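A quick note: this is a predicted structure, and the numbers were derived from the prediction, not measured.
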Amino acid sequence: MFLGYAASTWISQPIIAVLYHAEAGNAAYQQSFYGAIAIAAVAVVLTLYMMASDKKKQAA
């Protein structure tokens, strides 16, 4: 579980450095949040798919 957190800190730092705009003020990290939302949505879809696939295997 914590491997995901560790990987995200290693990967996110260079990405945040590129996306950060000091002139944006409060909205400096807005694009980062949109990216996190997209990744979380993909994770939810994959989780639901895997749960449905597991139920089909158990029913067979």
Side-chain angles (χ1 to χ4, degrees):
M1 180 175 140
F2 292 104
L3 183 61
Y5 290 122
S8 69
T9 58
W10 294 331
I11 294 169
S12 66
Q13 292 301 322
I15 294 171
I16 294 299
V18 171
L19 293 177
Y20 180 76
H21 298 290
E23 304 87 31
N26 291 337
Y29 294 109
Q30 189 171 6
Q31 293 176 346
S32 300
F33 286 113
Y34 291 148
I37 290 169
I39 292 170
V42 169
V44 168
V45 169
L46 288 175
T47 301
L48 293 174
Y49 173 76
M50 290 172 48
M51 288 173 59
S53 175
D54 190 42
K55 285 183 182 181
K56 286 181 184 179
K57 287 181 183 177
Q58 288 179 354

Hydrophobic cluster mates of V42, side-chain heavy atoms under 4.5 angstrom, ILVMFWY only, any path?
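Same cluster as V42: L46.
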Do Q58 and D54 pass the side chain to side chain contact (heavy atoms under 4.5 Å, CB included) test, and can you show the C-alpha distance, the side-chain angles, and the key distance before you say yes or no?
CA-CA 6 Å; Q58 288 179 354; D54 190 42; 3.5 Å; yes
Enumerate the side chain to side chain donor-acceptor pair (under 3.5 Å) contacts for residues 42-51, please, sequence neighbours excluded, ordered by first and then second residue.
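Those involving residues 42-51 do not exist here.
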